[in-house]
Amino acid sequence: MSLRHWKLETDRDDIAWLTFDKAESSTNTLSADVIAEFSALLDELRAKNPRALVIRSGKASGFIAGADVEEFTKVTSTEEALAIVRRGWDVMNKLAALPFPSVALVNGFCMGGGLELALACRYRIAVDQPGTRFALPEVMLGILPGWGGVKRLPRVVGPTAALDMLMTGRSVDARRAKSMGLVDASVPPRVMDNSARMIALEAPAPRKLPFVHSMMNTPLLRPLVASMARKQLAAKARREHYPAPYAILELWEKYDGDPFAPPPGDPASVATLAEGETARNLIRIFFLQERMKSLGKESAFAAKHVHVVGAGVMGGDIAAWCAMRGLTVTLQDQNAQALAPAMKRSHALFKRRLRDKRPVRDAADRLIPDVAGDGARRADVIIEAIFENLEVKRALFAKLEAAAKPGAILATNTSSLKLADISADFRNPSRLVGIHFFNPVPQMQLVEIVSGEKTDREASNNAAAFVRSIDKLPLHVKDSPGFLVNRVLGPYLNEALRMIDEGTAPETLDAAMTQFGMPMGPIELADTVGLDICIAAGKALAGGSPAASTPSGGAAEPPKKLADLVAAGNLGKKTGRGFYAWQGGKPRKGAAGAVTPQLVERLIGPYLKEAQAVVAEGIVADADLADAGLIFGTGFAPFRGGPMHYLAQR
């Protein structure tokens, strides 16, 4: 048979090696034509009856990224949605029913339908390298794994670990996959083919679940397990906002993961989810995220050495993140005492994220204290992250511009000063670009790439490529007070803080916005950001944004309660007290009052109005990118599809 996406070879041991290499694509995805070809190949293999089958990837980028999400966007009926599910469900069952051993050799990412394919194999081998990750991320698109993942994963790793992966979309690396029983072996790249051959030839008895986990999969105990999981889920996500994790839980509990068992209209039905507004909006966000990733491909710039000036929380965390992502980093501040806290925080980040001793040590070795600032001469990227003082920044950049290599990026992390002002004394002001990270750096995906009137397009494209290379999402914005994120957040926070002066409880305001779908309310957000930062940002915005002024017009004065707290040194989470008292990194809150639609509308109104203004002024290229930036930069309720999309739908 003629093959476009698969290559079949049989070795001297009669092992069939099936290599997936999707034509005209840099990534393996399971589209309709790929699955049709795979299904026909399985029929051919069953007829030939080889000793074993090994499935591997022909792509350097990974194993399988999952189903072709583009196909879901074209679904117009229940029948079409169910046809996509049936196509994958049938072929995975056909793979699972092969009478000879099958091995999934996973090198790189194994996501969604890719993991469902691996689960349908009798054995799984993970190649132990940083890019190998296993996940069922369908829940993040508002849908569920319909090709056997809900059925097979609990039987392989037990319900507790399986439900955690299924209901969060969380990924696991090769070593974690081995320890939880998801794979039979975790091996280095040099022996991966031989390891697959050996397990195929030996065909050991498949691993069995411990008795307790096996019992938890039975109809008798599934309701009890599901009940406990549902309570934990309810504390994190509301069913009306995110129905998919609840549907996954019920599909496992009531129907043992069979996507065709729920009757029409059942909340656990694939069709019910696929036709829902949440899935449409989350799939929209997926494509917006892919568009942001593509912004980093407009330049071939590749950094190896980053020099960060300023070892405060922001600068230190930027340096740590870059070192963790494999770059050599020199971190500069006035003395060793100023650098010490940043080095301590970086080591904690490495231990938390990298876990194993060797990668933790390697990351720590890449982060180099640099009091003298010698690294600036060798760096490909120089990032200034000192306090917001224009004269000090100008003096610093005079030295940095003189020291920097001709092709190096010169960047500021400023959140409130104009690039034109900072670069006023530059010999070549076109070199300066804003690379604006958000706090906390390890958690926040968005990075604003700020272009002033004189910023060279190549410089901003190089900055976007750098940001993408450290696994962040770049977004081009024009140099304007607050850029995108802080510009839109300012009026929203200002309105909430003034409502406190009017007598509304902070807890009520926070409850209103979490019910709307924000990850945290405005008052908790202000405490988290820092109340002194809120005042400074408000002053910076007052000169550039009409919505930052008071309702009666004129310059914005800080809300009274905010000003009083800052004057008393109560700056929020970082000092242990702000609008809330903070213990163990969490705010202590009292009871919230009644939340009305009018209250929600008053709070979100300034946010939406400012989002419209930003688009109208061309601060971002278009409304879709504004939605993307505000979702990934402010946490605007993802299930609503972004503020501009929400306004259009209303």
Side-chain angles (χ1 to χ4, degrees), residues 231-232 234-238 241 312-314 317 341 345 348 352 415-416 438-444 482 485-486 488-541 548 556-596 598-607 630 633-637:
K231 289 179 182 177
Q232 295 176 343
K236 299 176 182 177
R238 301 166 70 92
H241 294 167
V313 171
M314 183 62 76
D317 286 0
R345 279 198 320 278
R352 187 168 66 250
S415 59
S416 61
F438 294 90
N439 196 25
V441 171
Q443 276 77 50
M444 299 298 289
V485 170
N486 289 341
V488 173
L489 275 180
Y492 164 67
L493 292 176
N494 183 60
E495 187 68 24
L497 294 168
R498 293 192 184 284
M499 290 176 73
I500 287 182
D501 287 350
E502 296 171 11
T504 307
E507 291 87 351
T508 304
L509 297 170
D510 282 349
M513 295 320 297
T514 53
Q515 286 182 30
F516 178 79
M518 295 296 208
M520 68 172 63
I523 309 306
E524 183 178 344
L525 176 61
D527 261 4
T528 301
V529 169
L531 302 186
D532 54 334
I533 303 297
C534 291
I535 285 187
K539 289 178 179 177
L541 287 171
E557 289 295 323
K560 185 177 185 306
K561 179 65 173 176
L562 172 66
D564 290 346
L565 285 168
V566 172
N570 296 319
L571 307 182
K573 182 178 181 179
K574 59 188 173 185
T575 61
R577 182 171 295 276
F579 286 97
Y580 299 116
W582 288 76
Q583 286 186 342
K586 295 184 179 180
R588 294 173 57 191
K589 294 186 179 184
V595 174
T596 64
Q598 293 78 14
L599 175 62
V600 173
E601 190 63 33
R602 181 177 171 186
L603 280 167
I604 201 62
Y607 182 110
L630 291 168
T634 75
F636 184 87

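Along the sequence shown, residues carry numbers from 1. All values derive from a computational prediction rather than experimental measurement.
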Return all side-chain donor-acceptor pairs below 3.5 angstrom for residues 588-595, not counting sequence neighbours, or 'none' if the list is empty.
from, atom 1, to, atom 2, distance (Å)
Lys589, NZ, Asp510, OD2, 3.2
Lys589, NZ, Glu524, OE1, 2.9

Using residues 530-537 as the side-chain source, report each donor-acceptor pair under 3.5 Å to any protein atom, sequence neighbours left out, with the distance given to one decimal.
from, atom 1, to, atom 2, distance (Å)
Asp532, OD1, Lys574, NZ, 2.9
Asp532, OD2, Lys574, NZ, 3.2

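Taking CE from Met520 and CG from Leu525, the interatomic distance works out to 6.0 Å, rounded to the nearest 0.5 Å. A distance of 12.0 Å separates OH in Tyr492 from CG in Leu630, rounded to the nearest 0.5 Å. Atom-to-atom distance recorded for Thr514:OG1 and Leu509:CG is 10.5 Å, nearest 0.5 angstrom. Here the CD-CZ distance, from Gln583 to Arg577, works out to 9.0 Å after rounding to the nearest 0.5 Å. From Tyr607, atom OH reaches atom CE of Met513 across 9.0 Å, with rounding to the nearest 0.5 Å. Atom CZ of Phe516 sits about 12.0 Å away from atom CG of Leu599, to the nearest 0.5 Å.
When the options Asp564, Leu565, Ile500, Asn494 are evaluated for a side-chain contact (heavy atoms from CB on, under 4.5 Å) with Pro559, the one that passes is Asn494.
Judged by distance alone, with hydrogens and angles left aside, the side-chain atoms of Asp317 form no donor-acceptor pair with the main-chain N or O of Pro442 at under 3.5 Å. Although no hydrogens or angles enter the test, the distance criterion places no donor-acceptor pair under 3.5 Å between the side chain of Thr508 and the main chain of Thr504. Asp527 places a side-chain N or O within donor-acceptor distance of the main-chain N or O of Tyr580, the cut-off being under 3.5 Å.
Here the shortest heavy-atom pairing between Lys561 and Asp501 reads N-OD1, 3.0 Å.
In this structure the side chain of Asn439 never reaches within 4.5 angstrom of the side chain of Met444, judged on heavy atoms.
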Could you please spell out the steps behind the side chain to side chain contact (heavy atoms under 4.5 Å, CB included) verdict for Leu562 and Phe579? CA-CA 8 Å; Leu562 172 66; Phe579 286 97; 4.3 Å; yes
Test side chain to side chain contact (heavy atoms under 4.5 Å, CB included) applied to Phe636 and Leu489, step by step: CA-CA 10 Å; Phe636 184 87; Leu489 275 180; over 6 Å; no
